Protein chains: 2
Amino acid sequence: MYRIGELAKQCDVKADTLRFYEKHGLLAPSTRSESGYRLYNQDDVARLRFILRAKAVGFTLNEITELLSIELDKANWACADVKGMVDNKLEQVQIKIAELTQFANSLQHLSNACCGGPDSAEHCSILEALESEDKQLHARNETAHKAQHVKHTKTVKAALT
Amino acid sequence: MYRIGELAKQCDVKADTLRFYEKHGLLAPSTRSESGYRLYNQDDVARLRFILRAKAVGFTLNEITELLSIELDKANWACADVKGMVDNKLEQVQIKIAELTQFANSLQHLSNACCGGPDSAEHCSILEALESEDKQLHARNETAHKAQHVKHTKTVKAALT
DNA sequence: CTTGACCTTAGATTAAACTCTAAGGTTTAT
DNA sequence: ATAAACCTTAGAGTTTAATCTAAGGTCAAG
């Protein structure tokens with residue numbers, strides 16, 4: 001059993017935030033001490049961890065509430081509802097992973113191409129690299145696209161797939 | 001050359017947002033018409049796309065500004081600075097990908113385990129599945145961990161790795 | 001020649017997710 | 001017994017990223 005401050009420290013949030021989550025129905029301590037102190041058990045900790053992970057991953061508190069709300073009256077949800085909802089979130093997450101992966105690729109290519117030395121970055125522009133990205137994507141995707149007189153940098157050519 | 005409304009429509013943002021980005025130094029149209037209309041060229045479009053992608057991926061406008069700012073006075077940045085910064089962002093992105101992937105796994109397992117039928121979800125709780133996740137992770141990571149008297153659901157056992 | 005799209009500045013409003021303050025009281029650890 | 005941690009309600013303030021409103025214009029297409 002953890003008191004609010006302990007849990008806060010353990011999960012690196014403010015006690016305020018925990019009270020905030022309680023007020024908004026995301027996380028209530030499973031018990032209170034005689035004196036009224038909030039007491040959180042392991043399940044509560046796990047629930048908080050879930051909330052924090054979901055948040056880190058880009059879900060809003062509302063969306064998280066939605067996911068968690070099923071718990072509140074399980075009996076009134078059909079299994080199909082639950083599955084639908086989960087699949088929905090799953091799709092969102094997968095889209096995000098794809099976006100992030102693309103982004104990571106660009107950054108990686110750029111990092112590889114960048115000499116990293118003490119010289120001026122004049123010929124090592126992140127922006128040009130990233131700007132060209134779209135064009136290159138288009139070039140790959142639209143097989144019959146107009147020549148767009150794209151301006152390349154030496155670096156860029158090396159930096160991007 | 002696109003005018004503000006055209007660009008807005010094309011990239012699914014409001015014209016307001018574009019003016020907002022301009023005011024905050026993220027994206028200025030490369031030219032203006034004689035009459036003062038903002039005129040955006042392909043590079044501007046690409047830059048906007050980059051901004052939107054970065055945003056979708058969880059970067060704040062400030063962080064994006066930081067990335068783009070290198071462009072503004074390239075000459076004053078050493079290549080090492082640029083590389084350092086890129087590698088930094090890259091690390092952040094990779095952490096996010098890892099988090100998302102874990103999250104996606106949980107959701108996927110749950111979806112697989114859920115019958116998806118019209119019956120009550122009483123025995124198919126997202127929450128219990130996700131709550132157990134942490135414990136299971138701990139169980140895998142801490143080779144010498146105390147037995148924690150973990151409460152499982154039938155569903156959960158099947159749902160999680 | 002009249003809409004609708006655009007321009008300007010400047011400030012108000014919104015939403016999310018906290019974060020803080022006040023004011024007064026109780027509990028726990030040293 | 002004193003300080004630090006907790007409790008309560010209730011409301012104010014903060015940050016981010018817009019979004020909206022006003023007021024007074026200019027521009028371009030049908």
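Just so it is clear, the structure is predicted and the values come from calculations on it, not from any experiment. Each chain gets a letter, A, B and so on, in the order the sequences are listed, and its residues count up from 1.
Put simply, the side chain of V13(A) does not reach to within 4.5 Å of the side chain of L7(A), judged on heavy atoms. Contact of the V45(A) side chain with the Q10(A) side chain is registered, since non-hydrogen atoms from C-beta on lie closer than 4.5 Å. Using a 4.5 Å heavy-atom threshold, the side chains of E63(A) and T60(A) count as touching.
Considering only side-chain N and O atoms, Y21(B) lies nowhere under 4.0 angstrom from the phosphate OP1 or OP2 of dA17(D). Between R32(A) and dT8(D) there is a side-chain N or O to OP1 or OP2 distance below 4.0 Å. For R38(B) and dT8(C), the shortest distance from a side-chain N or O to OP1 or OP2 is below 4.0 Å. Listed pair K55(A) / dC18(C) meets the phosphate criterion, a side-chain N or O lying under 4.0 Å from OP1 or OP2. Distances shown here put a side-chain N or O of S35(A) below 4.0 Å from the OP1 or OP2 atom of dT28(C). The phosphate of dT19(C) has OP1 or OP2 within less than 4.0 Å of a side-chain N or O from T17(A).
Regarding N62(A), its CG atom lies at a distance of 6 Å from the P atom of dA16(C), rounded to whole Å. L39(B) has its CG atom 17 Å from the P atom of dA5(C), to the nearest Å. In this structure, CD of E34(A) is placed 15 Å from P of dC7(D), rounded to the nearest angstrom. Taking atom NZ of K23(B) as the reference point, atom P of dA17(D) lies 14 Å away to the nearest angstrom. Here the P atom of nucleotide dT19(C) and the CG atom of D12(A) are 11 Å apart, to the nearest Å. If you take OH of Y37(B) and P of dG4(C), they are 14 Å apart, rounded to a whole angstrom. Between E22(B) atom CD and dT19(D) atom P the separation is 17 Å, expressed in whole Å. Atom CZ of F20(A) and atom C1' of dA15(C) are 11 Å apart (whole Å).
Take the nearest nucleotide of DNA chain D for R3(B) and for D16(B): the residue whose nucleotide is more 5' is D16(B). For the pair E6(B) and H24(A), both in contact range of DNA chain C, the more 5′-proximal nearest nucleotide belongs to E6(B).
Between the side chains of Y2(B) and Q42(B), at least one donor N or O sits under 3.5 Å from an acceptor N or O.
A salt bridge is defined here as a Lys NZ or Arg NE, NH1 or NH2 lying under 4.0 Å from an Asp or Glu carboxylate O, and R19(A) with D16(A) meets this definition.
In this structure, the nucleotide among dC7(C), dA16(C), dC18(C) sitting nearest to the side chain of T60(A) is dA16(C).
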